[in-house]
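Please read the structure below before turning to the comments.
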Protein chains: 2
Amino acid sequence: MARLPLYLRALNGMAERGIATVSSEDLASAAGVNSAKLRKDLSHLGSYGTRGVGYDVEYLVYQISRELGLTQDWAVAIVGVGNLGRALANYGGFVSRGFRVAALLDADPEIVGDDIAGLNVEHIDELEAVIKRRGVSIVVLATPAAAAQELCDRVIAAGVTSILNFAPVVLSVPDTVDVRKVDLSIELQILAFHEQRKADRMSGGPLMAVDSQ
Amino acid sequence: MARLPLYLRALNGMAERGIATVSSEDLASAAGVNSAKLRKDLSHLGSYGTRGVGYDVEYLVYQISRELGLTQDWAVAIVGVGNLGRALANYGGFVSRGFRVAALLDADPEIVGDDIAGLNVEHIDELEAVIKRRGVSIVVLATPAAAAQELCDRVIAAGVTSILNFAPVVLSVPDTVDVRKVDLSIELQILAFHEQRKADRMSGGPLMAVDSQ
DNA sequence: AAGTGTGAATACGTTCACAGCA
DNA sequence: TGCTGTGAACGTATTCACACTT
């Protein structure tokens, strides 16, 4: 379920603040969903709540982490060390929960050899070797659009089946491979759309349906 | 519709390659969706296709751009000029289609005054003034989690109603405000979940349902 | 009394399949 | 003939509402 990470984050916050037990109502509002949905989601993992009481925070953190596969640690390679790749390498959120940046790779000889976030940037020629040697199972593509598909193919050929793509292209992959895409300009375009509708509503008439999140 | 930006990108690519007309089938596969869905999406904008022929690429680009509000230009302020903020400021995709980075703001005196992507980083104290003076209507929050809610409140008080949030927190906002959230570690967690299921499938038994994208 | 777990009802998005138009 | 536009069928996700447990 795509919402488990959200619940997990809310629960971690509560655990830090020493909260031992939480109701579906409270956890749901902390995660920004409604309580029936939350209960249904959690019920898929098993019956981890106690009627009349709520959920044990620590226990639920463990169960969700296990479900998400965060009890093991995943080696991540970042391909493309431009501004975005650098930001990702420095992003604390990766290291904190089960992810380890195991390699930074780039094609630019200016960048290869630099130290970023304690890691040495390696040449893209090493891609296949690095993936195998370090057991990389998730690759983050932060390359220009033009290079993304080719690198994607190489990464898949090297055995990776999970890719997080920041390049603004639709990657074509076999359906054994999971791709998630983050497209910054698409996010902005959706906001602009909503912004425009608000402006329209002030004056002339609107025309079509919206979606949220 | 959240998929219009996807179609738009595919269409722009086709326009560049000099393709004048496209069928729902072809456009759908370029955008990575199925053709019935594409036709239904486009039909909400009006009847811009020609039966037996397809869609005129240029015309459809214009119609979608208009629908998304990209025929006007939007002033965007980036709040938080750490690694991610810097990456966003340098990201070409913003400038290209209707978005203009109008301000970079940060609290750190080390960073204030720096020139990044041709813009001077201003102090966060200037936030409200800058928003008003430059007609900023979309704000990108790229701050640490701890600072996000407070800055979000200030931004809303200054009249902004569209926020793109990169900080790993659920922002609480009035429902007149649109927030889109990009959470890098959540994307990775979802990939890890799928990765684990693949591993499980090899050996023991799986347990629950999955979702895609 | 409080709050989970879950069938039943509802809403939503997707896909099918084809009538109708160029 | 080819392809759009769209009702109808379908499947899935969300929400309701309450029986049941602690």
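A, B, ... follow the sequence lines: proteins, then strands. Residue 1 opens every chain.
Applying the side chain to side chain donor-acceptor pair (under 3.5 Å) test to every pair with at least one member in residues 131-143 of chain A, sequence neighbours left out, gives these pairs: A/E122-A/R134. Among residues at least two apart or in separate chains, salt bridge (Lys or Arg N to Asp or Glu O under 4.0 Å) pairs with a member in residues 2-19 of chain B are A/D183-B/R9, B/R3-B/D41. Among pairs with a residue in residues 152-165 of chain B, those fulfilling salt bridge (Lys or Arg N to Asp or Glu O under 4.0 Å) read B/E128-B/R154, at least two apart in sequence or across chains.
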Distance-only check: which donor-acceptor pairs under 3.5 Å involve side-chain atoms of residues 160-169 of chain A, not counting sequence neighbours?
unit_1 : atom_1 : unit_2 : atom_2 : d
A/T161 : OG1    : B/E195 : OE1    : 3.0
A/T161 : OG1    : B/E195 : OE2    : 3.4
A/T161 : OG1    : B/K198 : NZ     : 3.0
A/S162 : OG     : B/E195 : OE1    : 2.4
A/S162 : OG     : B/K198 : NZ     : 3.3
A/N165 : OD1    : A/A167 : N      : 2.9
A/N165 : ND2    : A/A167 : O      : 3.1
A/N165 : ND2    : A/V169 : O      : 3.3

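A close approach under 4.0 Å does not occur between any side-chain nitrogen or oxygen of A/S24 and OP1 or OP2 of C/dG3. For A/Y55 and C/dG5, the shortest distance from a side-chain N or O to OP1 or OP2 is below 4.0 Å. Contact annotation: A/S23 does not reach the phosphate of C/dG3 (side-chain N/O to OP1 or OP2, under 4.0 Å).
Comparing C/dT15, C/dG5, D/dT15 by their closest approach to the side chain of B/N34 singles out C/dT15. The listed nucleotides are D/dT14, D/dG7, D/dT4; the one nearest the side chain of A/K40 is D/dT14.
The distance from atom CG of A/D41 to atom C1' of C/dT4 is 14 Å, rounded to the nearest whole Å. Atom CG in B/L38 sits about 15 Å away from atom C1' in C/dG13, given to the nearest Å. One can place CD of A/E25 at 11 Å from P of D/dC16, the figure rounded to the nearest angstrom. B/K37 places its NZ atom 17 Å from the C1' atom of D/dT6, with the value rounded to the nearest Å.
Listed by chain and number, the residues in a ring pair (Phe, Tyr, Trp, His ring centres under 6.0 Å) with A/Y59 are A/Y48 (sequence neighbours excluded).
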Reading nucleotides 17-22 of chain D from the 5' end, what letters show protein touch, with B for base, S for backbone sugar-phosphate only, - for no heavy atom under 4.0 Å?
B-BBBB
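Between B/I64 and B/V61, every side-chain heavy-atom pair lies at or beyond the 4.5 Å cut-off.
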